[in-house]
Structure formats: C-alpha cells, structure tokens
Amino acid sequence: MDSSPAPVVAPGASSSSSPADPAAEDLAGGVAAMALQDRFDTLRGIGEECIQEDELMRLLQNKPVPICYDGFEPSGRMHIAQGIVKTINVNKMIKAGCKVKIWIADWFAQLNNKMGGDLKKIQTVGRYMIEIWKAAGMNLDGVEFLWSSEEINKRSNEYWPLVMDIARKNNVKRIMRCGQIMGRSDQEELTAAQIFYPCMQCADIFFLKANMLPGFKEGQEKMSKSDPSSSIFMEDDEAQVNAKIKQAFCPPKIVEGNPCLEYIKYIVFPWFDKFEVVRKESNGGNKTFKNMDELISDYETGALHPADVKPALAKAINEILQPVRDHFNNSSEAKVLLNTVKKYRVTN
C-alpha cells in the first residue's frame, strides 16, 4: 500500500487539500471505475451500523464525492488498531469515491484533560499521528487534516451558534449520558468543560458538512496506552512485537475473544488478503489461508495451534510496521516528534 506524498500541517498552516483540489476531482473521476453496488458494499462493510441503507445508496447515486468525517483526540502514542485499521478503512472510503476529513480535535483533547490539558503537547502528538498515517500508506490525496482549534477560530461565527443551538435543545442529564464519547462514564464527576464537549462534537458534524460518519467495526477497540505491554504501538521494533505477541492470550481451539485471531481478521487479512503459516511437515506443513472462515475452521479443530499462529502473526505485523519504522529512523523531524511524544505521560 503506497503512501502518496502530502504535506503534514500544524495549526496555523494550510491543510493538504480542499474540495476544489485536482486531487478531489481525481476522486470523482475514479468513481466511474467502481460500480455503484461495489461502492455501497465497500462503505457498508466499514460501518458498524447503517441507520438507513437506502439513504446511503441514494447519497452515492446523487453525490459524486461524499464527505466522510472522522475525529480523534491526540492523546499519546498510537497503537496498531488506530494506525493500521484506520489506514485500511480510510483507503477503502477513498477507493469508493469519498473524501475523508480527519478532525484533529486538539481543543477537545484539552477539554477532556488529555496530556494534562497542555495544548502544545496535544498538538505535538497530533503531528506525530499524521506522520504515522503517512508512513503507513494512508492515501493522503483523498484526506484533509483539519485542526479543530484553527478551524473553529477561522469560522467562529458559524461554529458557536451551532453549539449554542444544540446546547439549548438538550438537558444536562442527556448531555452527561454522552460522556462515553470522551471515554468517560455517566457516573464520573465531569468538569464543566467535559459537559460542554458533546455539544461541540455534535456541532462538528454540521460544521464540516459531513455526509457520513464511519463507525469502524471491531478491531479498533480501546487499548491501554498507559500499559505498553497490552498493545502494539505503531513504531515498536521487531523484538518488541515478537515479545508482545508471544505472551498474548491465545487459547487453543477458542475463537471468541481471542485477540490474536482478532488481529488476523481485522489487520492481516485486509492488508495482505491472506495469512501464511510456516511450520514443520510433522506439524502439518506450511499453509496459506485465503479467508478467515478457513482459518477458524482449522483453529477450532486444533489443526491450527497457537504455536503456529503467533510466529506467523508476528511476521505479518512486523512486515506491516516496517515502513513506519523506516520513516521514523530516516526522517529527522519524525524522529524528534516520536522521541518527544515518548516522554509524555499519558493522563486521562
């Protein structure tokens, strides 16, 4: 998956593309190469839920380049699900003819007290994350990165009336039930800033004129950034990946809740369209699995053992991450960002 060159921008700089860019026109032209049903199936396969499937079909029929919205709080080092699953899904959306606006929610992270509420640190983490997606192969020709602090300040006369309108139409009890979007429960004692957060996030959708909100499927569930052994980070070296997968929970013949199989399903298969196992002839010999159903069948019967799965998974993950490692080793700017972010303590 090749990375297309695009500038990495910080608050105060212009973003990588605009709706009138030639890149956006290329996306519209590329739609003709993909049948309408194929576009629908690709996008429907990304979304966890689609409230009205007929509306999605009409949108694709009537709008050459729909706009998708995805926002994130810069809050520490990036784990593999956030890095690779997002790259895979963003590239699918672009292939289906969409433009993706990625909302770097730096102000929101500050409201939610990420990185201790230090905006400078939050923005440094945001730049580090863009570097990772660039190195991982995200098709940046179809992506526009927007910093919330910059965009809201530029168009404050549009943004704040939206926020106030949403706040007027909802009571505090309902707003507090939205705490889960910040990773908070409704039982926590929230600050006034955190209560304001859901109103602003709702306003974002209208502010960015988004047509679709991709709720990505499993495989991008939360991993602990404060416990480095519980997840694979995007810039982990080969030895770190091998060690983490070696100690990972992977019960024989059990598929449900097996994290190693989840990695294969949501990361390895979408990336390579196959999963290769290398083993001795006495253990069944080498085998290339072409789909997850085939792999599950062997795993449930015991024909495929955790001792076969783990080294094959580690090899695949290391191959996926190698371009990211190379980028952070070869780019002095990226290396400084990574070293700076590694020194930050993750706070919630």
Side-chain angles (χ1 to χ4, degrees), residues 1-3 45-46 77-89 91-92 132-133 135-138 216-225 227-330:
M1 302 175 77
D2 294 329
S3 171
I46 294 171
R77 292 173 65 195
M78 185 185 289
H79 55 67
I80 192 170
Q82 189 180 16
I84 297 301
V85 176
K86 191 183 292 291
T87 295
I88 290 168
N89 286 326
N91 287 353
K92 284 181 179 179
I132 285 185
W133 285 318
M138 185 179 283
F216 293 148
K217 285 190 172 180
E218 298 169 73
Q220 202 168 351
E221 57 267 58
K222 287 186 178 293
M223 299 178 180
S224 174
K225 293 181 180 179
D227 178 9
S229 66
S230 72
S231 61
I232 295 172
F233 293 104
M234 287 294 293
E235 70 285 341
D236 276 352
D237 63 32
E238 188 171 334
Q240 289 171 320
V241 170
N242 292 344
K244 289 177 180 181
I245 292 178
K246 185 177 181 179
Q247 69 180 11
F249 179 65
C250 189
K253 300 184 181 181
I254 303 296
V255 173
E256 188 69 27
N258 188 321
C260 289
L261 300 192
E262 295 282 302
Y263 268 54
I264 295 168
K265 181 177 180 179
Y266 293 108
I267 295 176
V268 178
F269 269 117
W271 196 271
F272 295 110
D273 291 320
K274 62 182 179 181
F275 182 66
E276 295 181 324
V277 172
V278 177
R279 56 191 174 185
K280 296 177 181 178
E281 286 296 330
S282 58
N283 292 332
N286 299 347
K287 185 166 182 178
T288 299
F289 294 93
K290 298 297 179 63
N291 56 65
M292 197 65 196
D293 289 339
E294 184 185 359
L295 186 147
I296 287 173
S297 177
D298 273 17
Y299 196 80
E300 287 181 327
T301 64
L304 182 64
H305 190 270
D308 305 322
V309 168
K310 287 186 174 185
L313 174 58
K315 182 177 183 295
I317 295 298
N318 277 316
E319 189 173 336
I320 291 170
L321 295 183
Q322 193 55 49
V324 179
R325 296 172 188 145
D326 292 342
H327 178 68
F328 280 92
N329 283 331
N330 298 331

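All of these numbers come straight from a predicted model, not from anything done at the bench.
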List the residues meeting salt bridge (charged side-chain N to carboxylate O under 4.0 Å, His left out) with K92, not counting sequence neighbours, and say none if there are none.
none
Does anything in residues 302-316 pair up under salt bridge (charged side-chain N to carboxylate O under 4.0 Å, His left out), and if so which pairs, sequence neighbours excluded?
R279-D308
Kindly indicate whether the side chain of H79, heavy atoms from C-beta on, has any atom under 4.5 Å from the side chain of I232.
no
Who passes side-chain contact (heavy atoms from CB on, under 4.5 Å) against N286, sequence neighbours left out?
V278
Apply side-chain contact (heavy atoms from CB on, under 4.5 Å) to A248 and list each qualifying residue two or more places apart in sequence or on a separate chain.
C260
Using side-chain heavy atoms (C-beta onward) and a distance below 4.5 Å, is I264 in contact with F269?
yes
Start with the C-alpha distance between L321 and D237, add both sets of side-chain angles, then the distance that settles side-chain contact (heavy atoms from CB on, under 4.5 Å), and finish with yes or no.
CA-CA 8 Å; L321 295 183; D237 63 32; over 6 Å; no
Taking side-chain hydrogen bond (donor to acceptor under 3.5 Å, both in side chains) as the test, write out the residues that go with H327, two or more places apart.
E131
Dump the intermediate steps for side-chain contact (heavy atoms from CB on, under 4.5 Å) on L313 and V268, then the final yes or no.
CA-CA 8 Å; L313 174 58; V268 178; 3.8 Å; yes
Of all heavy-atom pairs between M234 and A136, which one has the smallest distance, and what is that distance?
CE-CB, 4.1 Å
Would a 4.5 Å heavy-atom cut-off, applied to side chains only, mark Y263 and I80 as touching?
yes
For D326, give me all partners under side-chain hydrogen bond (donor to acceptor under 3.5 Å, both in side chains), at least two apart in sequence or on another chain.
Q322
Answer whether the closest heavy-atom distance between the side chains of N91 and K86 falls below 4.5 Å.
no
Flag the pair F233 / Q82 as yes when at least one side-chain heavy-atom distance between them is below 4.5 Å, and no otherwise.
no
Just wondering, do F328 and I132 contact through their side chains at under 4.5 Å, heavy atoms?
yes
For a 4.5 angstrom cut-off between non-hydrogen side-chain atoms, does E235 reach M78?
no
Scanning both residues in full, the closest heavy-atom pair of I320 with W271 reads CG1-CD1, 3.6 Å
Considering residues at least two apart in sequence or located in another chain, which fulfil the side-chain hydrogen bond (donor to acceptor under 3.5 Å, both in side chains) criterion with K287?
D298
Using side-chain contact (heavy atoms from CB on, under 4.5 Å) as the criterion, list what pairs up with V255, not counting sequence neighbours.
L261, I296, Y299, E300
Under the salt bridge (charged side-chain N to carboxylate O under 4.0 Å, His left out) test, residues paired with K274 that sit two or more places apart
E276
Just to verify, what does P251 make a side-chain contact (heavy atoms from CB on, under 4.5 Å) with, not counting sequence neighbours?
F249, I254, N258
Across all chains, not counting sequence neighbours, the salt bridge (charged side-chain N to carboxylate O under 4.0 Å, His left out) partners of R325 are none
Can K290 and L295 be said to form a side-chain contact (heavy atoms from CB on, under 4.5 Å), step by step?
CA-CA 8 Å; K290 298 297 179 63; L295 186 147; over 6 Å; no
I'd like to check the side-chain hydrogen bond (donor to acceptor under 3.5 Å, both in side chains) partners of E238; sequence neighbours left out, ordered by chain and number.
none
Just by distance, do the side chain of T87 and the backbone of G83 share a donor-acceptor pair under 3.5 Å?
yes
Of the non-hydrogen atoms in A314 and N242, which two are nearest, and what is the gap between them?
CB-OD1, 3.4 Å
side-chain contact (heavy atoms from CB on, under 4.5 Å) assessment of F275 paired with M292
CA-CA 9 Å; F275 182 66; M292 197 65 196; over 6 Å; no
